[in-house]
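This report concerns only the one structure given below.
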Amino acid sequence: MKIILDCDPGHDDALAIMLALASPELEVLGITVTYGNVGLENTLNNALKIRELCGSSVPIYAGVPLPMIAERISAEFVHGRSGLDGPVLPEPTRGAETTRAVDFIIETVMQHPNEVTICPVGPMTNLALAMRLEPKIVPLIQQIVLMGGSTGLGNWSPAAEFNILCDPHAAKIVFDSPVPTTMFGLNVTHQALALPQHIQAICQNGNKTSLVAAELLEFFKLAYQKRYGYAGPALHDPCVIAYLLRPDLFKLEYLHVDVDCALTPSFGRTVVDVYQVTKHQANTHVALEVDADAYFALIAERLAQLP
Ligand code: RIB
Ligand code: CA
């Protein structure tokens, strides 16, 4: 399976990158980086660091630094100032490609029609702009599998999840498109808490990448303990990659999803017709449940394959 991973590293993004690079079932054509958890300069540097840690030569592309219309928000509260606080990682020795992420997405989909899965796990500005800059790619994207939104409450406003709230207009372009789309929202990612036994299992692999992943999770959990009283952090972004590898770990329903772009307290909410009370045609496979223990066993097993 050919994929493009669009991310804003970010602790959970970093584990999504590791899981993707550790899985031979996936051909990672490129990693595109967006602003999000922190500014683009840091999210890009973090992606370069994680690539190097994983011993990979996958190309990395810098995306856009700002949302389309909304004011930029960021999540230093969760990820620290660098966006990847916790472990000390060496500065990358290789930089990003000169091609811009939006152009890479367009070129890659045109080169591989109906073969590319695009995996946004941050704000969706890069993907939305690619769709707008070259509408021809829309019918040629095989599928979109994203982390964002929720069937329930938000985590950055009472109504909106962070990735969607960063750029609701971009998210609406994506959900309104005819591309087959699968959504992993907070309603399912908060079922996947990295509990002490899960972090310990990763640590016991003993390889450098697993030890860094465990350190990242130890830092990531601080915000979840403080805000939610959780015993571990919700491991959002790797759900997207795990689904590509083991769809059987998840329960999904085909539902209608819209994005609220009105300037009200619900700005950025994913409005999911869970009870199908409207006449709207379903447009998204929405994840509702995950087998959390099997999810973390998959992550530990795959991360052991890395340097
Ligand atoms: O709300 C969780 C999402 O926001 C995750 O993708 C996390 O990395 C942040 O981007
Ligand atoms: Ca993310």
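Every number for a ligand or one of its atoms is a count from 1 in the order of the listing.
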Inset, instruction - Could you find the nearest protein heavy atom to atom 4 (O) of ligand 1 and give me its residue, atom name and distance? - result: Asn163 OD1, 3.1 Å
Inset, instruction - Can you pull out the closest protein heavy atom to atom 9 (C) of ligand 1? Residue, atom name and distance to 0.1 Å, please. - result: Asn37 OD1, 3.1 Å
Could you list the atoms of ligand 1 found under 4.0 angstrom from a heavy atom of [X]?
X      : value
Asp12  : 5 (C), 6 (O), 7 (C), 8 (O)
Asp13  : 8 (O)
Glu161 : 1 (O), 2 (C), 3 (C), 4 (O)
His236 : 2 (C)

Inset, instruction - Verify whether one side chain among Tyr295 and His198 offers a donor that lies under 3.5 Å from an acceptor in the other. - result: no
Inset, instruction - Establish, from distance only, whether the side-chain atoms of Thr32 and Asp6 form a donor-acceptor pair under 3.5 Å. - result: yes
Inset, instruction - Check the pair Glu25 / Arg302 against salt bridge (charged side-chain N to carboxylate O under 4.0 Å, His left out), numbers first and verdict last. - result: CA-CA 11 Å; Glu25 303 91 320; Arg302 293 298 170 101; 2.7 Å; yes
Inset, instruction - Could you tell me whether Asp8 approaches ligand 1 through its side chain, its backbone, both or neither, with non-hydrogen atoms closer than 4.0 Å? - result: side chain
Inset, instruction - Record the part of Asp237 in heavy-atom contact with ligand 1 below 4.0 Å; permitted values are side chain, backbone, both and neither. - result: side chain
Inset, instruction - Using 3.0 Å as a strict upper limit, say whether an N, O or S atom of Asp237 approaches the Ca ion (ligand 2) that closely. - result: yes
Inset, instruction - For the Ca ion (ligand 2), decide whether Val121 has an N, O or S atom at a distance under 3.0 Å. - result: yes
Legend entry - Euclidean distance, Arg100 CZ relative to Glu107 CD, rounded to 0.5 Å: 10.0 Å
Legend entry - Electrostatic pair Glu76-Arg81, nearest N-O below 4.0 angstrom: no
Inset, instruction - Before accepting this row, confirm whether a basic side-chain N of the pair Arg94/Glu52 lies closer than 4.0 Å to the acidic partner's carboxylate O. - result: no
Inset, instruction - Consider every N or O of Gly122 and every N or O of ligand 1, then say whether any pair is closer than 3.5 Å. - result: no
Legend entry - Minimum-distance N/O/S atom that Asp8 presents toward the Ca ion (ligand 2): OD1
Inset, instruction - Would you please indicate if the ring centroids of His79 and Phe219 are separated by under 6.0 Å? - result: no
Inset, instruction - Might you confirm whether atom CD of Glu71 has over 12 heavy atoms from other residues, nucleotides or ligands at distances under 6.0 Å? - result: no
